[in-house]
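One structure is given here, and the rest of the page talks about it.
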Amino acid sequence: MKEIKIESILQVYDDFDELPEAVASLMTQASEARGRAYSPYSNFSVGAALLLDNDEIITGNNQENASYPSGLCAERTAIYYAGSQFPDAKVVRMAIIAGSNIKHTMAPIPPCGACRQAIAEYEVKQNAPIEIYFMGETGKVVKSESLANLLPLIFDKTFL
């Protein structure tokens, strides 16, 4: 038997004001996208903003449906739109802001498992990491240099 140790290295900013200006701008756009989310069932709204290597900014938010699980998360809404409209562009950075519509959310909220898998697909497709920043409504902001820190054992096309 052999033991494998997997480690993730993440950077944590104490608050929004500590972020580099370009990242803060992208987080602001994610926050604005969150404000347009349609989440009447979960009362949990998420906004995402992507920076592409062609300098386009793509935003997305969660869109729910009474027929769960027919809705779509903010991260996948944004990354699929980017893929459909700019198929040759690489995603450089992703900003995510999430939280309850009922209570104040301060803890950083990472992408769900389905979104992690979708982001992994794009990292593999573009053969380049995607910086991911995530937070609650306020408070600490977590940065991952790559989706691989959040989903270290990805399932990708090499298994098919």
Spacing of [atom1] belonging to [X] relative to [atom2] belonging to [Y], to within rounding of 0.5 Å:
X	Y	atom1	atom2	result
Ile130	Met94	CD1	CE	6.0 Å
Leu72	Cys115	CG	SG	7.0 Å
Tyr13	Met27	OH	CE	10.5 Å
Ile97	Met135	CD1	CE	5.0 Å
Leu26	Ser31	CG	OG	11.5 Å
Lys143	Ile9	NZ	CD1	12.0 Å

Quick check: does any side chain N or O of [X] sit under 3.5 Å from a backbone N or O of [Y], one acting as donor and the other as acceptor?
X	Y	result
Glu18	Asp14	yes
Ser70	Ser67	yes
Glu145	Leu10	no
Gln126	Val91	yes
Glu137	Thr105	yes
Arg116	Pro111	yes

hydrophobic_cluster_shared for [Y] and [X], side chain cutoff 4.5 Å:
X	Y	value
Leu52	Tyr80	yes
Ile119	Phe86	yes
Leu150	Leu50	yes
Val23	Val142	no
Ile154	Ile132	yes

Between Asn61 and Thr77, is any side-chain donor less than 3.5 angstrom from a side-chain acceptor?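 Result is no, nothing qualifies.
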Student check: side-chain heavy atoms of [X] and [Y] closer than 4.5 Å:
X	Y	result
Ile6	Ile4	yes
Ser144	Tyr133	no
Leu147	Pro129	no
Asp15	Val141	no

Between Asn101 and Ser39, is a side-chain hydrogen bond (donor to acceptor under 3.5 Å, both in side chains) present by the stated rule, with each step listed? CA-CA 9 Å; Asn101 298 339; Ser39 56; 3.1 Å; yes
Please find the pair of heavy atoms, one from [X] and one from [Y], that lie closest to each other, and give the distance.
X	Y	answer
Asp55	Leu51	CA-CD1, 4.1 Å
Asn54	Ala89	ND2-CB, 3.9 Å
Ala74	Gly60	CB-O, 3.7 Å

Salt bridge check: are Glu32 and Arg34 linked by an N-O gap of less than 4.0 Å?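 So Glu32 does not pair with Arg34 through a salt bridge.
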Would you please classify the geometry between the Tyr38 ring and the Tyr41 ring as parallel, tilted or perpendicular, with 30° and 60° separating the classes?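 Plane angle over 60°, so perpendicular.
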Salt bridge (charged side-chain N to carboxylate O under 4.0 Å, His left out): which pairs involve residues 85-111, sequence neighbours left out?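 Passing the test, one end in residues 85-111: Arg93-Glu131.
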Hey, is CD on Glu21 packed in by over 12 heavy atoms from elsewhere, all under 6.0 Å?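 No, the 6.0 Å shell around CD holds no more than 12 heavy atoms from other groups.
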Lys5/Glu7 under side-chain contact (heavy atoms from CB on, under 4.5 Å): CA gap, chis, key distance, verdict: CA-CA 7 Å; Lys5 182 177 181 179; Glu7 292 183 318; 3.4 Å; yes
Evaluate Tyr81 against Thr59 for side-chain contact (heavy atoms from CB on, under 4.5 Å), listing each step before the verdict. CA-CA 9 Å; Tyr81 182 83; Thr59 62; over 6 Å; no
Show your working on side-chain contact (heavy atoms from CB on, under 4.5 Å) between Val46 and Phe44 and close with a plain yes or no. CA-CA 7 Å; Val46 182; Phe44 188 83; 3.6 Å; yes
